[in-house]
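Naming convention: chains lettered A, B, ... in sequence-line order (proteins, then strands); numbering from 1 in each chain. Every heavy atom of this structure was used, including side-chain atoms; hydrogens, water molecules and symmetry mates were not.
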Protein chains: 2
Amino acid sequence: MSPKTRNVTQREIAKIAGVSQTTVSMVLNDRDGSNVRIPEATRERVRQAIEQSTYVADPAARRLAGLDNKIIGVFTYEPALSPESMDFYGPLLNGLERAAEQIGCDLLFFTSSPVENGSRSLFHRNTRLRLADGCILLGQHMDGGDLTRLVDEGFPFVAVGRRDETDAHVPYVGIDYATLTTELVDAATALGHTDAIYLHHDRESPTANDRRAALQAAHERGDLRFTHVSVDTTDLAELPSVIAGAGASIVFAQDAFIAEDAAGALASAGIAVPAQVSITALGDVSGHRIEGVALSGFHTPRLQVAADALGLLQRLVTTPSDDWADLDTQRLLAGRVEIGDTLTSSAGIR
Amino acid sequence: MSPKTRNVTQREIAKIAGVSQTTVSMVLNDRDGSNVRIPEATRERVRQAIEQSTYVADPAARRLAGLDNKIIGVFTYEPALSPESMDFYGPLLNGLERAAEQIGCDLLFFTSSPVENGSRSLFHRNTRLRLADGCILLGQHMDGGDLTRLVDEGFPFVAVGRRDETDAHVPYVGIDYATLTTELVDAATALGHTDAIYLHHDRESPTANDRRAALQAAHERGDLRFTHVSVDTTDLAELPSVIAGAGASIVFAQDAFIAEDAAGALASAGIAVPAQVSITALGDVSGHRIEGVALSGFHTPRLQVAADALGLLQRLVTTPSDDWADLDTQRLLAGRVEIGDTLTSSAGIR
DNA sequence: CTGAAAGCGCTTACAG
DNA sequence: CTGAAAGCGCTTACAG
């Protein structure tokens, strides 16, 4: 129970201005509909009264009466504001904050649902989800069930990152990792690499599949043979022997952190990067360096992803759901390959 | 207008369970007051009905009916999620997120008010402030007027950082910079320093004053003579000559960033740190290094500050405002001086 | 042009 | 023990 002091209401404004409460509402919302035409004099009187008071509309009442809120929910499947998650979430949150300021809305972070097994649940008995006009979903590993339910309920939302639910049309804005991966593979091939290791996590996700599919295609074309190695089940200390066994000269890592770990393992074994073995990440490498040199990988427009996601959400919120089909609700943004200093033609391990 | 699909309400649950809507509300809120004693059988029937539906209470309606929301507002006077502000805001936001999860509340970031002259305004025509149970205020430079108005309105809030408004009792949680500064001055004195430069911004704030007062006291005790230099009006290229002119052997910088800039200026002039001149910051130096060595300064418990601020706010929200006077609403947390590698006995500039 | 009335979904005295 | 009713502060048909 919050110890609220009574706040100024429209009724009080109405009394001061000598009009009805309805009129105050009309003036505030600039309603000039079919049979409403409030003379400027009246409007002015109301505005004066408001000006002199500290009136602020109660957002709860507005919401309850069916209006929108200018509040966008932000749901992250992992803690978003911890130092560890900043590498991934930082640019996205930054982009959201800027875009939110642009369109004048507040951001409601659903921090209340406790993180269980490393991931939060969107729906729980006391979710404040519906207080928001719509919701942005962020996370390396989203729950497909949540997305489907949101679609079923007709609640406006946008996922950040490509999704491929088959049972529901999920709006998303993501990065085109398939194209980036193919470009990087081509670059490696052009440098003479023929055999590669792909270091990855076991967990599946649409964007993980995108990378894998692009590698698979290259493999089948005969451009670059891949040996897949899971970092979840393989000790990286074995990496050198795996590389030697596969006759590989390059390591593709699913993301920059795996690439860093791999580089560490190679350094420990006295293997020179990139003279003997090249390393490249299939993820954003901004700010990631390996022994002072720029890690090879992608640059991805994550600020833009966030801004586009919020823009799309805004359109969903303001469009009747019947017309959502006309909207371009699934968007992949192009990134840029950054060859960096850890990818070159390499001798391999003898 | 959001395209809401109708949601399940208490009335529908009531119909299913064959009870009145009031009873549903009672069960949900576990009301077992004076003349309410709902038999377990009825409770169970209602719970069943809820279980089988997708019922979630409408937060707007609850709020309008006078309950609390489990939503805490977060107001930052500068953009909080940009890379530049992470050094300051990062640990605070991290602490807030953790504490919010602990106590089960969501965080509403007031990102909508545009930043004007580098700072946001809390009160504006469409503020969603009142949707929150209370509000945490963050920022290097808060508006005293906002704080006073919040106190006047009886709205629960806590400022992060010491405040010294004289016209209102402002609840805050901050760092005890005065003590830290004194400790650092003593350490410098013990190392033989007698003359120092204080590099600072012009802008005033309680925490800036705390530092200044501690330096002033040392100056008057004759421990360490200070020459004050504003980085806003002085080109740091002149720093070496200023130091030489003052016969100083140490530079105190208001924060780590100024310290870094000062170090850069000295390096450009070929002056050795700390052999010739020591540098120390009067702010948190976590993660700040100067040419690979640890910058001297403070370690401040910013996660704890955030957690305490939220805890205090929670107590304000749940305490009738008449009893706020009994609460310990102004708290300074102790930090720790980190001598680091840039503070030692220095020769000075000849 | 303006106001009385219904309704949004909840909670909480207040009668039965 | 349970339900009908009032009220939270707003918006929006609907009558005047």
Does D:dC1 have its OP1 or OP2 closer than 4.0 Å to a side-chain nitrogen or oxygen of B:Thr42?
no
Quickly work out the B:Leu67 CG to C:dA13 P distance and round it to whole Å.
11 Å
Using distance alone, with no hydrogens and no angle criterion, decide if A:Thr22 and A:Ser25 have a side-chain donor and acceptor under 3.5 Å apart.
no
Can you check whether B:Arg62 has a side-chain N or O nearer than 4.0 Å to OP1 or OP2 of C:dT11?
yes
Interatomic distance, A:Glu40 CD vs C:dT2 P [rounded to whole Å]
12 Å
Taking only side-chain N and O atoms of A:Ser25, does any of them lie within less than 4.0 angstrom of OP1 or OP2 on D:dT12?
no
By nearest heavy atom, map B:Ala65 and B:Ser20 onto DNA chain D; which one lands nearer the 5' end?
B:Ser20
Counter-base of D:dA4, judged by Watson-Crick or G-U geometry with both distances under 3.5 Å:
none
Is the Lys NZ or Arg CZ of A:Arg120 less than 6.0 Å from the centre of A:Phe110's six-membered ring, within 45° of the axis?
no
C:dA4 base to A:Thr22 side chain: any donor-acceptor pair below 3.5 Å?
yes
Distance-only polar pair, side chains of A:Glu78 and A:Tyr89, donor-acceptor under 3.5 Å
yes
Look at the side chain of B:Pro39 and decide which nucleotide, out of D:dT11, D:dC10, D:dT2, has an atom nearest to it.
D:dT2
Identify the two heavy atoms, one from A:Asp328 and one from A:Leu312, that lie closest to each other, and give their separation to 0.1 Å.
O-CD1, 3.9 Å
Rounded interatomic separation in angstrom, taking CG from B:Leu131 and P from D:dC10
13 Å
Complement of C:dA13, any strand, by Watson-Crick or G-U distances under 3.5 angstrom
none
Looking at B:Thr9, does any N or O in its side chain come under 4.0 Å of the phosphate oxygens OP1/OP2 on C:dG9?
no
A:Ala57 near the nucleic acid: base, sugar-phosphate alone, or nothing, with a heavy-atom cut-off under 4.0 Å?
sugar-phosphate
State whether the side chain of B:Asp106 and the backbone N or O of A:Leu108 hold a donor-acceptor pair below 3.5 Å, judged by distance alone.
no
CG of B:Leu64 versus C1' of C:dG7: gap in Å, rounded?
12 Å
Counting only side-chain nitrogens and oxygens, does B:Gln10 get under 4.0 Å of the OP1 or OP2 atom of C:dT11?
yes
Between A:Asn29 and D:dT11, does any side-chain N or O lie under 4.0 Å from OP1 or OP2?
yes
What integer distance in Å separates A:Ile13:CD1 from C:dG3:C1'?
18 Å
Calculate, to the nearest 0.5 Å, the distance between atoms CZ and CD belonging to A:Arg11 and A:Gln21 respectively.
7.5 Å
Let me know the distance between CD of A:Gln21 and P of C:dC1, rounded to the nearest Å.
21 Å
Separation of B:Asp68 atom CG from C:dC10 atom P, in whole Å?
16 Å
Rounded to the nearest angstrom, tell me the gap between atom CG in A:Asn126 and atom C1' in C:dC10.
13 Å
Nucleotide nearest B:Val19 when distance is taken to its side chain, options D:dG3, D:dG9, D:dG7:
D:dG3
Side-chain atoms of B:Ala61 come closest, of D:dG9, D:dG3, C:dC10, to C:dC10
